[in-house]
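This report refers to the structure that appears directly beneath it.
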Protein chains: 2
Amino acid sequence: MNDRPTTTLDQVARAAGVSPSTVSRILNGTARVSEAKRRSVEEAIARLDYRPNVLAQGLARGRSLTIGVLTQDIASPFYSESLKGIEEALAGTGYAPLFVSGHWDAEEESRKVALLVDRRVDGVIVLTGMIPDDALIATAERVPVAVTGRTLAAPHLISIDLDHEAGAYAATRYLIDLGHTRIAHLAGVQGHADARARLAGYRRALQEAGIAEDPALVVDGQFNENGGLDAVNGLLDARVPFTAVFAANDQSAVGARLALYRRGLRVPEDISLVGFDDLPGSLYTTPPLTTVRQPAHELGRLAARVLLHLIDNRPAPALDLPMSLIVRDSAQAPA
Amino acid sequence: MNDRPTTTLDQVARAAGVSPSTVSRILNGTARVSEAKRRSVEEAIARLDYRPNVLAQGLARGRSLTIGVLTQDIASPFYSESLKGIEEALAGTGYAPLFVSGHWDAEEESRKVALLVDRRVDGVIVLTGMIPDDALIATAERVPVAVTGRTLAAPHLISIDLDHEAGAYAATRYLIDLGHTRIAHLAGVQGHADARARLAGYRRALQEAGIAEDPALVVDGQFNENGGLDAVNGLLDARVPFTAVFAANDQSAVGARLALYRRGLRVPEDISLVGFDDLPGSLYTTPPLTTVRQPAHELGRLAARVLLHLIDNRPAPALDLPMSLIVRDSAQAPA
DNA sequence: GACAAGAATGAAAGCGCTTTCAAATTGCGT
DNA sequence: ACGCAATTTGAAAGCGCTTTCATTCTTGTC
């Protein structure tokens, strides 16, 4: 660019015949100012179309009015709901969210968090992720942090976790109560905490029902469509008998559903299917998917609110968010 | 926060026994510096764990290294692909994207653009939207703008548009070539330019094929799942005969598909279905959706690249991106 | 009507960095 | 060994705003 006719606070001050301090005071309501000057300044602001430079304000005040948000994939149907929740919670507070993606890579996540810190964000929200606890605790020494998907306590750090184990238990239990005993599980990404917890819930439900776990029934679903597709194909090819599948997330459930469709297996008449997450789209799959609802949107909202409280040292609001089974049409009693 | 032990460039300079200018020069490679000082400064930086304050840099240089991105809904499956493309194109350039959402409201879009300008972003990308052309041209006077979804020419403003009419024509033509003559169209949001263009393409294909347009066949699909669902239900309830539906976007196609499923109508055996957009999920619907591919990801990438070129006055790269019909399994010749 | 207390205002320093400008250093030719 | 140009370096002035501190102007009080 070449031509940028930005008008500054000094110009406004001069135009209004007052000092810069006065203009600043009026802008921020920092102190009482005589009606006459106020009017004259406001007039000058309007006339010159003056807009404060947020960067300069940030530098002077030592706060950027920006919240850094580390997500894994900005296009992930699940996390983007949380982003939306964050955006919503921040709307009207003056803070703007700065989103960065870690792509499920601890290294990259660390780099991105560093980027946020370099930009002097006033707080950081970490939506799950593989970044180690210590790294998080360390950044919490420089800037308040709110993290989801793990339980962790440290100064200037607050964590919000949901009970994935319980959610998975409820889903599996539901299938068992329907009469299923051969329930396949499409497990999530190895090493991912949520994946582990969901598997554990699946196991506990089986165990409580006195159903011996068949290792052949738990296969890798990768948390994505293609993984679910491959997993079910594998099961079918290996002729492992099953009447239901509990997918570790909706995306792999959708993949599973397609695999079944291709083999001419009907859902839920031949095979019952239950997912996890309750993505917006899961309401419109054929048939609509029975799934465990994760309040992604609320989670984002809550994380943002909690962080704001942390930033100005107010006591944090309540932190519990429920998981709930949403019964739709993709599961029924086995034939 | 209370304790923030940020180390500054001055401290580094003092620790290394040089002037701040020298440190700055080393940091930015702005000028040659003796090997000895360089080493000493680098050592000090490492020892103090110094990280430049990007805000301060921005203020001093007059550029924030931030690109503002106006999208409509950060959780939209379509636009988030573009966001990802933008993120990708910006990675490694030093620029970070600042995403804001306009929610398809001209007013809100304007406010959000203002917010971006106040934050002194170095450029703005507008992903479609309802904000009027003049408003865009006006902001282009303060900061370079790249806008998609419309054709517009102005200083410091570049637009990238795709040929929606042609895409819709191709989709409709495909159905006609398959032998369909009763083709319903689930139109997009009223007043939305893309919606209009797609409707026009549908009409042109019909016309060229000598098929008289039946007004009863074009219904409002609202660009979303529920709209598609309602639209098809309406069609079915009104007993309007049709053998195929061309939805103005994939989301409404998914809704349509569910409506058909609920009525026991098979896709594609009974009704053929074609969408528009090629969302990531459309590959996994049952059956996989035949649709017009919009290169959302590439569009984002291109917009970002073009903007970067605009920012430093380099000639812009080529701007054409193709729409293409992706044939999958949701359409076939009528029974 | 004089004086202390309070309110409104401005001067100036500073936030952390870049960059111009001038001074100090170096190298080189002769 | 000397002078000049080419380098390297530092001082200092911003970038646009906030905020402390001191000053001036009002009030209210006796």
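Scope of the values below: all heavy atoms of this structure, side chains included, with no hydrogens, waters or symmetry mates. Residue numbering restarts at 1 for every chain, and letters A, B, ... go by the order of the sequence lines.
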Under 4.0 angstrom between B:Arg61 side-chain N/O and C:dT18 OP1 or OP2: yes
Side-chain H-bond candidate by donor/acceptor type, A:Ser21 with A:Ser24, under 3.5 Å: no
Plane angle bin for A:Phe99 and B:Phe99 - parallel if under 30°, tilted between 30 and 60°, otherwise perpendicular: parallel
Candidate nucleotides C:dG16, D:dT20, D:dC17, ranked by approach to the side chain of A:Tyr50 - the nearest: D:dC17
A:Leu27 CG - D:dG16 P separation (whole Å): 15 Å
Whole-Å gap separating P (C:dG10) and CD1 (A:Ile26): 10 Å
Integer-rounded Å distance: D:dG16 P and A:Arg25 CZ: 21 Å
Residue pair B:Glu81 / B:His297, side-chain donor-acceptor N/O under 3.5 Å: no
Short side-chain N/O contact from B:Arg32 to OP1 or OP2 of D:dT7, under 4.0 Å: no
Value in whole Å for how far the P atom of C:dT18 lies from CG of B:Asp10: 11 Å
Side-chain N,O (A:Asn28) to OP1/OP2 (D:dT18) below 4.0 Å: yes
Euclidean distance, atom CZ of residue B:Arg119 to atom P of D:dC15 [Å, nearest integer]: 23 Å
side-chain N/O B:Thr8 vs C:dG16 OP1/OP2, d < 4.0 Å: no
Greater than 12 external heavy atoms within 6.0 Å of A:Glu107's CD: no
Value in whole Å for how far the P atom of C:dC17 lies from CZ of B:Arg51: 12 Å
Side-chain donor-acceptor pair present, A:Thr6, A:Arg51, cut-off under 3.5 Å: no
Which nucleotide in D:dT9, D:dC15, C:dT9 has an atom nearest any side-chain atom of B:Leu59: D:dC15
Sugar-phosphate only, base, or nothing, as touched by B:Val23 at under 4.0 Å among non-hydrogen atoms: nothing
Distance test, side-chain N/O of A:Gln57 to OP1/OP2 of D:dG16, below 4.0 Å: no
Phosphate-side-chain proximity, A:Ser24 and D:dT18, N/O vs OP1/OP2 below 4.0 Å: yes
Among D:dG10, C:dC17, C:dG10, the one nearest B:Ser19 by side-chain distance: D:dG10
Interatomic distance, A:Arg120 CZ vs C:dC15 C1' [rounded to whole Å]: 11 Å
Distance test, side-chain N/O of A:Ser34 to OP1/OP2 of C:dT9, below 4.0 Å: yes
A:Ser21 or B:Thr22, whichever maps to the more 5' nucleotide of DNA chain D: B:Thr22
Upstream residue (5' side of DNA chain C) when B:Ala60 and A:Ala60 are each assigned their closest nucleotide: A:Ala60
Atom-to-atom span, CD of A:Glu35 to P of D:dT26 - whole angstrom: 16 Å
